[in-house]
Amino acid sequence: MEVKILSPRPKSDSSKQLRFEMRMGAETAEKLYDCAEKLGISRAAVIEKGIDLVKEELDKK
């Protein structure tokens, strides 16, 4: 068996230090999972994209 020694992940310029939890209904959760799967990104990334879209819309007003 080969043992791989993993080096620590490099520090990101946009370190994620805050944690946020939310509750959602089954239908919303299904939409979230579906979007993440189709985009090939994490559920958190889908939520971040959604926040960016809402912010863009608000900035247009």
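The structure presented is a predicted model; accordingly, all values stated were derived computationally and were not measured.
L18 and I51 are assigned to two separate hydrophobic clusters, defined by single-linkage of ILVMFWY side chains at heavy-atom distances under 4.5 Å.
Taking D59 as the reference, K55 meet the side-chain hydrogen bond (donor to acceptor under 3.5 Å, both in side chains) condition, with sequence neighbours excluded.
Atom-to-atom distance recorded for T28:OG1 and M22:CE is 7.5 Å, nearest 0.5 angstrom. Distance check: I47 CD1 to M24 CE gives 5.0 Å after rounding to the nearest 0.5 Å. How far CD of E48 is from CD1 of I41: 8.5 Å, rounded to the nearest 0.5 Å.
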- request: Before giving the answer on salt bridge (charged side-chain N to carboxylate O under 4.0 Å, His left out), spell out for E27 and K31 the whole-Å C-alpha distance, their side-chain angles and the decisive distance to 0.1 Å.
  value: CA-CA 6 Å; E27 185 177 326; K31 290 177 190 176; 3.7 Å; yes
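Nearest heavy-atom pair, K49 versus L39, reported as atom, atom and distance to 0.1 Å: CD-CD1, 4.5 Å.
Hydrophobic cluster of L58: the remaining members, joined at side-chain heavy-atom separations below 4.5 Å, are V54, listed by chain and number.
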